[in-house]
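Worksheet: the structure to be examined is printed underneath.
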Amino acid sequence: MRLLRHINEVKSNYKGSVVALGNFDGFHRGHQVVIGEAGRMAREMGLLLTVVVTEPHPVSFFAPNVPAFRLTPFRERAQLLEQYGVDQLLVLPFDKDLAQMSAQDFVLDILVRGLGAKHIFVGYDYRFGKGRGGGTDVLAWMGDMEGFGLTVVRAVTVGLEGYAGEVYSSTLVRKALQNGEARKAGALLGHWWTINGRVTKGDQRGRTIGFPTANIELGESLEPKLGVYAVRVKIEGQDRVINGVANVGKRPTFDKRDILMEVHLFGFNEDIYDMHLRVQM
């Protein structure tokens, strides 16, 4: 997957693609329908599939002091999109300029001139532009004028017990995680919910009681309900999967106030400090 950090990085020979727009936080089953339908059309038309997202999340830009809420910070989301067959990922910096850009200018500068979009896919509730002033109606109107097609993917409803009839959404996944329902969150996502973080140095007290742990700060990731979870762990750059147990908590026994994840890997005794782990819950 080609990763682009600015619209000017889109070379002429990579323009004219099928484009999917959205934030895709969590990349849940509803998001997968949008990307899946866009990918199907791209293959039929013999075009690349481009996904456009922003970083940081607009909520983080407008309200930087809100508690961490991301289901899939950038690193994890990019990996999920690549696994789903996305050819290009354009990451627009969400700054003052982008926040003030009108919906019409976004379409003209980013989608038409920048990407040369042939067809655009969005979810039914997609909003964009200054003050969220643009929606599917603006895209349809400008598509008629500028010559690109538009597909609006309807809401996808859940069939899981306890959530039946609700629409797949990042909010629904957050609710499950904050209730400590990691497996249900995974069912809503259609994949494991994953904390992707670097192993940091702790006080190593676990080693003194024969239970060494890898400490991982949650960073931008949502804080799930505090407690102990069965996990699968992948070390970045390696194919193996290691089973383990993770505690998400404040570690009050040692007078620690910061929330972090402590992961114990079964039958594992290697030095992984400073390495990235993908902890799947």
Side-chain angles (χ1 to χ4, degrees), residues 1 3-5 19-39 49-86 88-95 98-99 106 121-129 132 134-136 152-153 155-158 160 163 166-179 181-182 184-197 217-225 248 261 278-281:
M1 182 179 71
L3 177 61
L4 308 172
R5 293 284 188 173
V19 178
L21 303 174
N23 188 272
F24 304 113
D25 185 27
F27 196 52
H28 56 64
R29 291 183 185 274
H31 295 150
Q32 291 164 30
V33 173
V34 176
I35 301 297
E37 288 296 304
L49 170 60
T50 301
V51 170
V52 180
V53 299
T54 62
E55 280 291 328
H57 192 288
V59 171
S60 298
F61 176 81
F62 289 112
N65 295 322
V66 299
F69 64 92
R70 300 288 292 272
L71 293 170
T72 47
F74 176 73
R75 188 185 193 94
E76 182 64 25
R77 182 178 46 168
Q79 290 185 20
L80 288 168
L81 289 169
E82 183 174 27
Q83 291 168 9
Y84 221 73
V86 173
Q88 295 186 119
L89 176 59
L90 172 59
V91 186
L92 299 176
F94 198 94
D95 53 17
L98 189 60
F106 181 86
F121 280 77
V122 294
Y124 70 100
D125 57 351
Y126 180 70
R127 306 295 304 181
F128 67 103
R132 293 169 54 85
T136 57
V152 179
V153 178
V156 182
T157 54
V158 181
L160 294 173
Y163 296 88
E166 296 194 59
V167 175
Y168 281 107
S169 69
S170 300
T171 299
L172 206 60
V173 179
R174 293 187 189 103
K175 177 183 174 182
L177 289 169
Q178 289 166 341
N179 289 337
E181 300 174 322
K184 191 153 286 186
L188 292 168
L189 290 168
H191 55 81
W192 297 90
W193 183 60
T194 303
I195 294 290
N196 191 325
E217 296 179 356
L218 298 184
E220 293 183 309
S221 294
L222 173 82
E223 179 186 306
K225 184 177 181 179
V248 180
M261 173 181 284
R278 299 182 71 221
V279 183
Q280 301 174 329
M281 300 172 65

Where is the tightest heavy-atom contact between [X] and [Y], given as atom of each residue plus distance?
X	Y	answer
Leu49	Ala38	CD1-CB, 3.7 Å
Pro93	Leu98	O-CD2, 3.6 Å
Gly26	Leu189	O-CD2, 3.3 Å
Leu21	Val19	CD2-CG1, 3.7 Å
Phe106	Phe128	CD2-CD1, 3.6 Å
Gly30	Tyr168	N-CB, 3.9 Å

Looking at side-chain heavy atoms only, is the closest gap between Phe24 and Leu80 below 4.5 Å?
-> no

Below 4.5 Å, heavy atoms only, C-beta onward: do Glu37 and Val33 meet side chain to side chain?
-> yes

Restricting to side-chain hydrogen bond (donor to acceptor under 3.5 Å, both in side chains), what partner residues turn up for [X], sequence neighbours left out?
X	value
Tyr163	Glu181
Glu166	none
Arg132	none
Asn23	none

Between [atom1] of [X] and [atom2] of [Y], what distance do you get to the nearest 0.5 Å?
X	Y	atom1	atom2	value
Gln88	Leu3	CD	CG	10.5 Å
Leu81	Phe74	CG	CZ	9.0 Å
Leu177	Phe69	CG	CZ	14.5 Å
Leu222	Gln178	CG	CD	5.0 Å

So, using side chain to side chain contact (heavy atoms under 4.5 Å, CB included) as the criterion, who are the partners of [X] when residues are at least two apart?
X	value
Ser170	Asp25, His28, His31, Leu71, Arg174
Ser221	Pro73, Ile195
Tyr84	Phe27, Gln32, Ile35

Quick one: are the ring centres of Phe94 and Phe62 less than 6.0 Å apart?
-> yes

May I have the step-by-step check of side-chain contact (heavy atoms from CB on, under 4.5 Å) for Phe61 and Thr54, ending in yes or no?
-> CA-CA 11 Å; Phe61 176 81; Thr54 62; over 6 Å; no

With [X], which residues qualify under salt bridge (Lys or Arg N to Asp or Glu O under 4.0 Å), at least two apart?
X	answer
Glu217	none
Arg278	Glu76
Arg5	none

Indicate yes or no for a side-chain donor-acceptor contact from Arg127 to the backbone of Gly134 under 3.5 Å, with no hydrogens or angles considered.
-> yes

Write out all pairs satisfying salt bridge (charged side-chain N to carboxylate O under 4.0 Å, His left out) with one or both partners inside residues 51-62, taking only residues at least two apart or from two chains.
-> Glu55-Arg70, Glu55-Arg77

Restricting to pairs with a member in residues 185-194, which pass side-chain hydrogen bond (donor to acceptor under 3.5 Å, both in side chains), not counting sequence neighbours?
-> none

Does the pair Val279 and Met261 meet the rule for a side-chain contact (heavy atoms from CB on, under 4.5 Å), with working shown?
-> CA-CA 10 Å; Val279 183; Met261 173 181 284; 3.7 Å; yes

